[in-house]
Amino acid sequence: MNITVIGTGYVGLVSGTCLADMGNNITCVDIDEKKVQEMQQGKIPIYEPNLEELFQRNIAGNRLHFTTNLKEAIKDSTIIFLALPTPQDKDDSADLSYIEAVAHDLGNLIDGYKIIINKSTVPVGTSDKVKEIVASHTEIEFDVVSNPEFLREGYAVKDFMEPQRIIIGSRSEKAKKILSKLYKPFISIKRPIIFMDERSSELTKYASNTFLATKITFMNEVANLCEKIGADVDMVRIGMGSDARIGNRFLFPGIGYGGSCFPKDVNALVKSSDDAGYDFKILKSVLHINVKQKKSLVPKVNRYFDNNLSNKKIAIWGLAFKPSTDDIREAPAIDVINELLLKDDVQISAYDPEAMPNMKRIYGDKIHFAANAYEALENADCLLICTEWSEFISPDFSKMIALMKSPVIFDGRNIFDLEVMDTNGFHYESVGRKIIKS
Ligand code: NAD
């Protein structure tokens with residue numbers, strides 16, 4: 001099938017590349033000329049495991065094309081995916097301006113039946129809005145379908161290729177038939193397509209993301225309580241997770257959720273609910289708790305150093321909002337760094353395997369970016385762990401101690417065993433577990 005994907009970010013590029021790998025002919029459109037030029041030259045603009053190989057293979061196979069020209073891109077495609085940004089607006093709602101702008105363009109450009117499929121996360125009613133905008137420019141037949149994307153950065157290729165389910169929100173039999181054919185290679189008995197109306201589909205995405213944000217936040221609250229009453233959150237987590245009704249995933253406490261989705265999606269659902277006259281109290285608490293949790297390492301550091309961070313050198317491992325991505329949107333490391341930089345004379349030396357170029361765009365030379373994890377530790381008064389990259393999990397502890405001024409770790413991701421920290425002589429504070437004193 002000939003398919004157009006509008007927007008070549010984490011969702012659009014992964015979707016386009018994976019659909020090309022199934023033999024479809026894909027044209028990806030983006031307004032970012034530099035990005036498009038680079039992709040035309042075979043340069044992949046994001047870090048996502050296993051994507052580059054597929055990207056190169058499908059460019060070489062002449063199934064994956066890039067352009068800034070929307071008119072050309074949609075000429076031969078019946079299927080048009082929207083994978084456009086829906087960032088948080090000033091009033092906390094999802095900013096639909098990117099989607100609306102493209103809907104106007106499509107209304108002016110379509111020259112035959114098209115299915116406009118929205119993969120972006122959008123408030124309930126957006127399909128109707130897009131339909132209205134397109135129809136205001138054309139008499140030509142088209143359908144607008146809601147098809148929210150559930151891929152996770154870091155596992156995006158696997159998630160797209162083996163989705164747990166595909167949600168299609170549409171009442172058009174014609175569109176449903178074409179999309180069933182398109183998605184056939186991706187589904188099985190265990191991985192079904194679930195058809196529903198557009199509004200239910202749009203809400204399914206928000207309900208899923210905000211439920212997961214709530215689950216994380218609930219565990220962070222349990223962990224904070226553990227610290228106060230001397231329980232071990234690891235034990236509590238294992239005990240809870242062995243109950244099939246609860247499940248053992250998304251129960252790991254830490255320094256809050258970040259990323260390009262959960263924060264904005266929780267805000268947007270709260271705003272939509274308020275607008276609809278519904279007070280979604282649990283999500284309001286989630287928002288409030290997460291803001292505090294993202295900074296929660298800093299009070300621990302302050303307490304340890306008696307509120308005197310003057311001339312302290314603080315090492316940070318992990319800047320991305322989670323491992324296996326270079327994405328730093330709403331990363332807890334940013335909250336931690338901003339809070340530390342409020343203090344005079346704190347020096348920060350940070351390391352991340354993939355996210356440093358993005359972080360450099362925010363902080364420039366305000367912080368030092370180390371060449372590797374060990375260099376970040378040189379002469380450091382303490383280490384803060386903000387992202388659980390696998391390369392941090394089994395380090396050379398004696399080398400760490402030799403490099404650091406004092407062997408002190410504040411771990412926001414609970415990556416080390418307490419006994420190992422004890423045996424190696426670290427002062428170690430993690431989330432919801434007892435403090436190991438050196
Ligand atoms: P992104 O910011 O990485 O990419 C968006 C792309 O769209 C950019 O390359 C931008 O240049 C391009 N763009 C903007 N306006 C355009 C226009 N008029 N024409 C063509 N291209 C245009 O965004 P993303 O992370 O891929 O997210 C896209 C949507 O998918 C959002 O609604 C997001 O909430 C949702 N989503 C994201 C993820 C994720 O893990 N990133 C997962 C599921 C759903």
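All heavy atoms count here, side chains included; hydrogens, waters and symmetry mates do not. Just follow the structure's listing: the first ligand is 1, and inside any ligand the first atom is 1. One is the number of the first residue; the rest follow in order along the sequence.
If you look at Glu100 next to ligand 1, there are no close heavy atoms at all, none under 4.0 Å. Contacts with ligand 1 closer than 4.0 Å are made by side-chain heavy atoms of Cys261 only, the backbone lying farther away. The parts of Tyr10 lying near ligand 1 are both backbone and side chain, judged by heavy-atom distances below 4.0 Å. Both the backbone and the side chain of Leu84 come within 4.0 Å of ligand 1, judged by heavy-atom distances. The side chain of Ser260, and not its backbone, has at least one atom closer than 4.0 Å to an atom of ligand 1 (non-hydrogen atoms only; side chain from C-beta on).
Between Thr8, Asp30, Leu82, it is Asp30 that holds the heavy atom closest to atom 12 (C) of ligand 1. Closest heavy-atom approach to atom 40 (O) of ligand 1 within the set Lys119, Glu153, Glu48, Lys264: this belongs to Glu153. Ranked by closest heavy atom to atom 36 (N) of ligand 1, the top entry among Val11, Leu151, Asp159 is Val11.
A salt bridge is defined here as a Lys NZ or Arg NE, NH1 or NH2 lying under 4.0 Å from an Asp or Glu carboxylate O, and Arg237 with Asp234 meets this definition. Looking at Lys295 and Asp335, no side-chain N of the basic residue comes within less than 4.0 Å of a carboxylate O on the acidic one, giving no salt bridge. The residues Lys176 and Glu173 are annotated as salt-bridged, a charged nitrogen and a carboxylate oxygen being separated by less than 4.0 angstrom. Of the charged side-chain nitrogens involved, none lies within less than 4.0 Å of a carboxylate oxygen, so that Asp143 and Lys131 do not count as a salt-bridged pair. Salt-bridge formation is not detected for the pair Asp411/Lys300: no Lys NZ or Arg NE/NH1/NH2 atom is positioned less than 4.0 Å from an Asp or Glu carboxylate oxygen.
In this structure Lys34 satisfies the salt bridge (Lys or Arg N to Asp or Glu O under 4.0 Å) test together with Glu38, sequence neighbours excluded.
The shortest N or O to N or O distance between Asp265 and ligand 1 is not under 3.5 Å. At least one N or O atom of Thr121 sits closer than 3.5 Å to an N or O atom of ligand 1. For the pair Arg152 and ligand 1, the shortest N or O to N or O distance does not fall below 3.5 Å. For Glu149, no nitrogen or oxygen atom sits less than 3.5 Å from a nitrogen or oxygen atom of ligand 1, counting backbone and side chain alike. Geometrically, ligand 1 and Lys35 share a nitrogen or oxygen pair separated by less than 3.5 Å.
Using bins of under 30°, 30° to 60° and over 60° for the plane-to-plane angle, the ring pair Tyr428/Phe416 lands in the tilted bin. Ring planes of Tyr257 and Phe262: perpendicular class, angle over 60° (limits at 30 and 60°).
Screening residues 86-105 for ring-ring contact (aromatic ring centres under 6.0 Å, His included), with sequence neighbours left out, gives His104-His137.
At a cut-off of 3.5 Å, with distance as the only test, no side-chain donor of Glu33 or Gln37 sits close to an acceptor on the other residue. In the model, His368 has a side-chain atom that pairs as donor or acceptor with a side-chain atom of Glu375 under 3.5 Å.
Which parts of ligand 1 touch Tyr98 is read off a 4.0 Å heavy-atom cut-off, strictly below it: atoms 14 (C), 15 (N). Close approach of ligand 1 to Val29 (heavy-atom distance below 4.0 Å) involves ligand atoms 20 (C), 21 (N). Residue contact check: Gly9 has heavy atoms under 4.0 Å from atoms 1 (P), 3 (O), 4 (O), 6 (C), 9 (O), 26 (O) of ligand 1. The Val102 neighbourhood of ligand 1 comprises atoms 17 (C), 18 (N), with distances under 4.0 Å to a heavy atom of that residue. If you number the atoms of ligand 1 from 1 as listed, the ones under 4.0 Å from a heavy atom of Ile6 come out as 19 (N), 20 (C). Distances below 4.0 Å separate heavy atoms of Thr86 from the following atoms of ligand 1: 31 (C), 32 (O), 34 (O).
In this structure, Arg191 forms no cation-pi arrangement with Phe186, as its terminal cationic atom is not both closer than 6.0 Å to the ring centre and no more than 45° off the ring axis.
The nearest protein atom to atom 2 (O) of ligand 1, hydrogens excluded, is given as Arg329 NH1, 3.4 Å; this is a heavy-atom distance.
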